[in-house]
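Every chain is numbered from 1 and lettered A, B, ... according to where its sequence line falls, protein lines coming before strand lines.
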2 protein chains.
Amino acid sequence: MHGDELEPEAHEHSIQPNVQMVESGICDRAAAIFRALGDSNRLRLLSLLMSRELCVSEISGILDDNLSAVSQRLKLLRSERIVVVRREGKHMFYSLADGHIRELIANALAHGNEHD
Amino acid sequence: MHGDELEPEAHEHSIQPNVQMVESGICDRAAAIFRALGDSNRLRLLSLLMSRELCVSEISGILDDNLSAVSQRLKLLRSERIVVVRREGKHMFYSLADGHIRELIANALAHGNEHD
DNA sequence: ACAACACTTGATGAATCAATGAATTGTTTT
DNA sequence: AAAACAATTCATTGATTCATCAAGTGTTGT
């Protein structure tokens, strides 16, 4: 055998060719969004908001979960600007922040659906 | 003022109309993928694989990070079937598992790019 | 003003996650 | 077979995350 013809001088740990570096801040921001979406309870909650805006007690009722827990999840999602909130009297109505987020969730649910 | 005309009898915590429930298992799976993508180091790694397949030491070299750490991240990503691996001699070449994942990452990086 | 309702915040503890370095496995080269 | 190289696994430790429940804020109705 005559050595590795894989990628000429590809293992020098020098600057790699043909590899596009993504700016670090962008990865950080994108990862933060994924992290916020990466929890079953939060994602279940968000999947409800795919239908329409809902107030906290509605969500709590539908998911049959602690109202405080729901509120905390919403707070986290708000901090990542995944949901937005609107007050109407005593009620706080939450909805998905934008189409981008909506698409991301739809895409992931579709993927989770077809695979296994 | 004459009470809330928001949504007639919307706060009875009964079965909510107009809200589509997503199957629990699908949310779990989708959340697991998001969780795996929800880490800056892993996402940076994956952003490299957007360009082309790479072996562990290449990735470690480009990211200037501990080889063991890179290998562990890849193991996790493999366990979620986000990346696939192929052996070639001493080298293990990693690449993105499918177009769905690729799209998800591209989408998120685009979002992270335009916003703030 | 006071009670009731809708929600948020704070504090605590349990569980999960991730970085590190040492030891190990697998492959190729000599 | 031994040395060199590529990558993985293991164990430890520190950090982060999540649920729970009590206490607090803001709004409305009487």
Quiz prompt | Check ion pair A:Arg86-A:Glu88 (N to O, under 4.0 angstrom) | solution = yes
Quiz item: Who are the salt bridge (charged side-chain N to carboxylate O under 4.0 Å, His left out) partners of A:Glu103, not counting sequence neighbours?
Solution: none
Self-check item: Global bending angle along the helix from C:dA1-D:dT30 to C:dT30-D:dA1, which compares the axes of five pairs at either end, to 10 degrees
Solution: 20°
Quiz prompt | Pairs flagged by ring-ring contact (aromatic ring centres under 6.0 Å, His included) wherever residues 36-60 of chain B is involved - sequence neighbours left out | solution = none
Quiz item: Taking only N and O in the side chain of A:Asn41, is any of them less than 4.0 Å away from OP1 or OP2 of D:dA19?
Solution: yes
Quiz item: Of all residues at least two apart in sequence or in a different chain, which pass the salt bridge (charged side-chain N to carboxylate O under 4.0 Å, His left out) check with B:Arg42?
Solution: none
Exercise. Starting from P on D:dA7, measure out to CG on B:Leu63 and report it in whole angstrom.
Key: 14 Å
Quiz prompt | Side chains of A:Arg52 and A:Leu54 in contact at under 4.5 Å (non-hydrogen atoms) | solution = yes
Quiz item: Distance check: side-chain N/O of A:Tyr94 vs OP1/OP2 of C:dA6, anything under 4.0 Å?
Solution: no
Exercise. Output all residues satisfying salt bridge (charged side-chain N to carboxylate O under 4.0 Å, His left out) with B:Arg87, sequence neighbours left out; order by chain, then residue number.
Key: none
Quiz item: For A:Met92 and D:dT27, what is the distance between atoms CE and C1' respectively, to the nearest whole Å?
Solution: 11 Å
Side-chain donor-acceptor pairs under 3.5 Å in residues 66-75 of chain B, sequence neighbours left out?
from, atom 1, to, atom 2, distance (Å)
B:Asn66, OD1, B:Ser68, N, 2.9
B:Arg73, NH1, B:Asp65, OD2, 2.9
B:Arg73, NH2, B:Asp65, OD2, 3.0

Practice problem: For C:dT8, take OP1 and OP2 only and decide whether either is under 4.0 Å from a side-chain N or O of A:Ser71. | Solution: yes
Self-check item: Atom-pair distance (CG on B:Leu37; P on C:dA18), nearest Å
Solution: 12 Å
Exercise. Taking only Lys NZ, Arg NE, NH1 and NH2, and the carboxylate oxygens of Asp or Glu, determine whether B:Arg81 and B:Asp98 approach each other closer than 4.0 Å.
Key: no
Practice problem: Nearest whole angstrom, please: distance from the P of D:dC18 to the CZ of A:Arg44. | Solution: 13 Å
Practice problem: Would you tell me if any nitrogen or oxygen in the side chain of A:Arg42 comes within less than 4.0 Å of OP1 or OP2 on D:dC18? | Solution: yes
Quiz item: Once you round it to whole Å, what is the distance between C1' of D:dT20 and CG of A:Leu67?
Solution: 13 Å
Quiz item: Quick one: salt bridge (charged side-chain N to carboxylate O under 4.0 Å, His left out) partners of B:Glu23, sequence neighbours excluded?
Solution: none
Quiz prompt | Integer-rounded Å distance: D:dT20 C1' and A:Arg73 CZ | solution = 11 Å
Quiz item: Touch check for A:Leu74, heavy atoms < 4.0 angstrom, all strands: base, sugar-phosphate only, or nothing?
Solution: nothing
Quiz item: With nearest nucleotides of DNA chain D determined for A:Gly38 and A:Gly89 from heavy-atom distances, which residue corresponds to the more 5′ nucleotide?
Solution: A:Gly38
Quiz item: D:dT16 C1' sits how many Å from A:Leu76 CG, rounded?
Solution: 12 Å
Tabulated below should be each protein N or O lying under 3.5 Å from an N or O of nucleotides 21-23 of chain D; please produce it.
from, atom 1, to, atom 2, distance (Å)
D:dC21, N4, A:Ser68, OG, 2.8

Self-check item: Short side-chain N/O contact to C:dC7 OP1/OP2 from A:Lys90, under 4.0 Å
Solution: no
Exercise. Whole angstrom is fine here: how far is it from CG in A:Leu45 over to C1' in D:dC18?
Key: 15 Å
Self-check item: Listed nucleotide nearest any side-chain atom of A:His91, set C:dC17, C:dA6, D:dA7
Solution: C:dA6
Quiz item: Which pairs with one or both residues in residues 18-69 of chain B pass ring-ring contact (aromatic ring centres under 6.0 Å, His included), sequence neighbours excluded?
Solution: A:Phe34-B:Phe34
Exercise. Taking only the side-chain heavy atoms of A:Asp39 (C-beta and beyond), determine which of D:dC18, D:dA7, C:dT8 contains the nearest atom.
Key: D:dC18
Quiz item: OP1, OP2 of D:dT16 versus side-chain N and O of A:Arg35: anything below 4.0 Å?
Solution: no
